[in-house]
Amino acid sequence: MLLKDKVFAITGGAAGIGRAAALEAARQGADVAITDIVPEESVQPILDAIRAEGRRALYLQGDVSAHETATRFITAIIEELGGLDIFVSNAGICPFHAFLDLPPETLIKTVGVNLLGAYFMVQAAANQMVSQGRGGAIIAVSSISALVGGAYQTHYTPTKAGIHSLMQSSAVALGKFGIRCNSVLPGTIRTAINKEDLSDKTKEEAMIGRIPLGRLGAPEDLAGPIVFLGSSMASYVTGASLLVDGGCFVNLQ
Ligand SMILES: NC(=O)C1=CN([C@@H]2O[C@H](COP(=O)(O)OP(=O)(O)OC[C@H]3O[C@@H](n4cnc5c(N)ncnc54)[C@H](OP(=O)(O)O)[C@@H]3O)[C@@H](O)[C@H]2O)C=CC1
Ligand SMILES: C[C@H](O)[C@@H]1OC(=O)[C@H](O)[C@@H]1O
């Protein structure tokens with residue numbers, strides 16, 4: 001087991017990539033704390049699955065774009081689980097929209113959830129880890145979109161580049177405390193975030209055609225890389241970013 005008796009916390013853990021990572025962390029021996037914007041009832045099956053692995057599970061409903069959520073989440077983790085070892089900033093939104101008429105509210109909301117939310121959460125998690133004095137691991141779910149653009153994602157891709165940069169700078173700031181900071185850069189993973197976008201079958205086929213491994217990703221494809229970066233197997237890895245995209249990024253021709 002890669003995370004035996006560690007405390008693993010994740011934002012946006014009620015669905016998609018976050019849910020897959022939370023469940024794998026429990027299978028790997030961690031107690032798991034989840035925060036998400038959805039009500040607790042809808043997360044009950046995930047909490048039950050974590051407990052079925054013999055691990056403790058905690059849920060806090062909250063909006064990551066409100067900075068109080070970060071302190072509420074860390075306080076609940078310490079009260080109920082007694083410490084924090086691995087923190088994953090994952091919650092995010094991607095409301096696809098053209099550039100020229102993008103409403104300012106959509107930009108403000110996307111930046112608020114994806115970038116400010118990640119900053120508040122990572123900062124609160126880092127403070128907790130520093131005060132514990134035993135190091136830790138922070139992983140942020142950035143994106144291949146940190147590196148390449150999208151015509152309907154002009155408000156989204158800068159947030160993913162910002163998260164990638166946040167992990168680099170926090171790796172520098174926190175190295176002396178033994179806290180490692182890394183990001184994963186998923187390609188296109190089938191989740192609720194892109195269900196509508198991928199209902200355009202022509203677009204879906206074109207996207208699959210660019211992927212050397214010949215398929216879009218599944219949420220579970222991110223679980224291993226996230227657990228690995230959180231584990232002692234990655235003890236000399238910090239400031240790194242791991243593309244998890246089936247080879248899409250490197251496929252020029
Ligand atoms: N799927 C993909 O192709 C890729 C995804 N990513 C990133 O992965 C991360 C997870 O996305 P994915 O699993 O695909 O998406 P999902 O929509 O499946 O999961 C995201 C979860 O975050 C929750 N959430 C949304 N807004 C907030 C908020 N303000 N506060 C707390 N929780 C919130 C969502 O709730 P609700 O359902 O109510 O919105 C949902 O439960 C995101 O950061 C995304 O940008 C990166 C690259 C590719
Ligand atoms: C939601 C999109 O399908 C997805 O989000 C990303 O970050 C990837 O670049 C994909 O475009």
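Just follow the structure's listing: the first ligand is 1, and inside any ligand the first atom is 1. FYI, the numbering just counts along the sequence from 1. The structure displayed is predicted, hence computed values, not measured ones.
Using a 4.0 Å cut-off between heavy atoms, Leu185 makes no contact with ligand 1 at all. With a 4.0 Å cut-off on non-hydrogen atoms, Pro219 does not touch ligand 1 at all. Using a 4.0 Å cut-off between heavy atoms, Thr69 makes no contact with ligand 1 at all.
Not one N or O on the side chain of Asn194 forms a donor-acceptor pair closer than 3.5 Å with the backbone of Asp197. Remark: side-chain polar atoms of Ser169 are not paired, donor with acceptor, to backbone N or O of Leu166 under 3.5 angstrom. Thr75 places a side-chain N or O within donor-acceptor distance of the main-chain N or O of Thr71, the cut-off being under 3.5 Å. Judged by distance alone, with hydrogens and angles left aside, the side-chain atoms of Asn182 form no donor-acceptor pair with the main-chain N or O of Ile139 at under 3.5 Å. With hydrogens and angles ignored, the 3.5 Å screen pairs a side-chain donor or acceptor of Arg56 with a backbone N or O of Glu80. Of the possible polar contacts, one joining the Asn127 side chain to the Gln123 backbone as a donor-acceptor pair under 3.5 Å is found. In terms of modelled atom types and a separation under 3.5 Å, the side chain of Asp245 and the main chain of Phe249 share a donor-acceptor contact. In this structure, the side chain of Thr110 engages the main chain of Thr106 through a donor-acceptor pair within 3.5 Å. Side chain of Tyr156 to backbone of Val111: no donor-acceptor contact under 3.5 angstrom is found. Ser142 places no side-chain N or O within 3.5 Å of a backbone atom of Val184 that could act as its donor or acceptor partner.
Counting atoms of ligand 1 from 1 in the listed order, those under 4.0 Å from a heavy atom of Gly12 are 21 (C), 22 (O). Less than 4.0 angstrom separates some heavy atom of Gly16 from each of these atoms of ligand 1: 13 (O), 18 (O). Under a 4.0 Å criterion applied to the non-hydrogen atoms of Val38, ligand 1 contributes the atoms 38 (O). Shown in contact with Asp63 at under 4.0 Å from a heavy atom are these atoms of ligand 1, numbered in order with element: 28 (C), 29 (N), 30 (N). Residue Ile17 has at least one heavy-atom neighbour below 4.0 Å for each of these atoms of ligand 1: 5 (C), 8 (O), 13 (O). Within the listing of ligand 1, atoms 1 (N), 2 (C), 3 (O) sit less than 4.0 angstrom from a heavy atom of Asn194.
When the shell of 6.0 Å around OH of Tyr119 is examined, it contains 12 or fewer heavy atoms from other residues, nucleotides or ligands. Counting non-hydrogen atoms of other residues, nucleotides and ligands closer than 6.0 Å to NE2 of His67 gives a total of 12 or fewer. Heavy-atom neighbours of Lys176 NZ from other residues, nucleotides or ligands within 6.0 Å: at or below the threshold of 12. Annotation: Arg27, atom CZ; neighbour count of heavy atoms from other residues, nucleotides and ligands within 6.0 Å is above 12.
Under the 4.0 angstrom criterion, atom 26 (N) of ligand 1 counts as having a protein heavy-atom contact.
Ranking protein heavy atoms by distance to atom 46 (C) of ligand 1, first place goes to Ser142 O, 3.2 Å. If you check which protein heavy atom lies closest to atom 6 (N) of ligand 1, you get Tyr156 OH, 3.7 Å. Of all protein heavy atoms, the one lying nearest to atom 34 (C) of ligand 1 is Asp36 OD1, 3.7 Å. Protein heavy atom closest to atom 9 (C) of ligand 1, with residue, atom name and distance, is Asn90 O, 3.0 Å. Of the protein's non-hydrogen atoms, Thr191 OG1, 3.5 Å is the one closest to atom 12 (P) of ligand 1. For atom 4 (C) of ligand 1, the nearest protein heavy atom (residue, atom name, distance) is Gly187 O, 3.9 Å. Here the heavy atom of the protein found nearest to atom 8 (O) of ligand 1 is Val141 CG1, 3.3 Å. Nearest protein heavy-atom contact of atom 11 (O) of ligand 1 is Ile193 CD1, 4.1 Å.
Residue Val64 has at least one N or O atom closer than 3.5 Å to an N or O atom of ligand 1. Note: no N/O pair closer than 3.5 Å links Ile93 and ligand 1 by distance alone. Checking only distances, Thr188 never comes within under 3.5 Å of ligand 1, N or O to N or O. The shortest N or O to N or O distance between Lys160 and ligand 1 is below 3.5 Å. The distance criterion of under 3.5 Å between nitrogen or oxygen atoms is met by Ile189 with respect to ligand 1. For ligand 1, the polar-atom distance check finds no N/O of Ser65 at less than 3.5 Å from any of the ligand's N/O atoms.
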- Task: Walk me through it: do Ile226 and Ile17 pass the test side-chain contact (heavy atoms from CB on, under 4.5 Å)?
- Result: CA-CA 10 Å; Ile226 289 171; Ile17 292 168; 4.2 Å; yes
- Task: Apply side-chain contact (heavy atoms from CB on, under 4.5 Å) to the pair Glu40 and Leu47, showing each step before the final yes or no.
- Result: CA-CA 9 Å; Glu40 179 150 7; Leu47 303 180; 3.8 Å; yes
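Using a 4.0 Å cutoff on heavy atoms, Gly62 counts as a contact of ligand 1.
Comparing Val184, Thr159, Ile37 against atom 32 (N) of ligand 1, the shortest heavy-atom distance belongs to Ile37.
Taking a cutoff of 4.0 Å between a charged side-chain nitrogen and a carboxylate oxygen, Arg190 and Glu204 qualify as a salt bridge. Ion pairing between Lys6 and Asp31 fails under the 4.0 Å rule for side-chain N and carboxylate O.
The immediate protein surroundings of ligand 2, defined as residues with any heavy atom under 4.0 Å of it, consist of Cys94, Phe96, Ser143, Ile144, Ser145, Gln153, Tyr156, Gly187, Thr188, Ile193, Asn194.
For the salt bridge (charged side-chain N to carboxylate O under 4.0 Å, His left out) condition, the pairs that include at least one residue of residues 84-103, sequence neighbours left out, are Asp85-Arg134.
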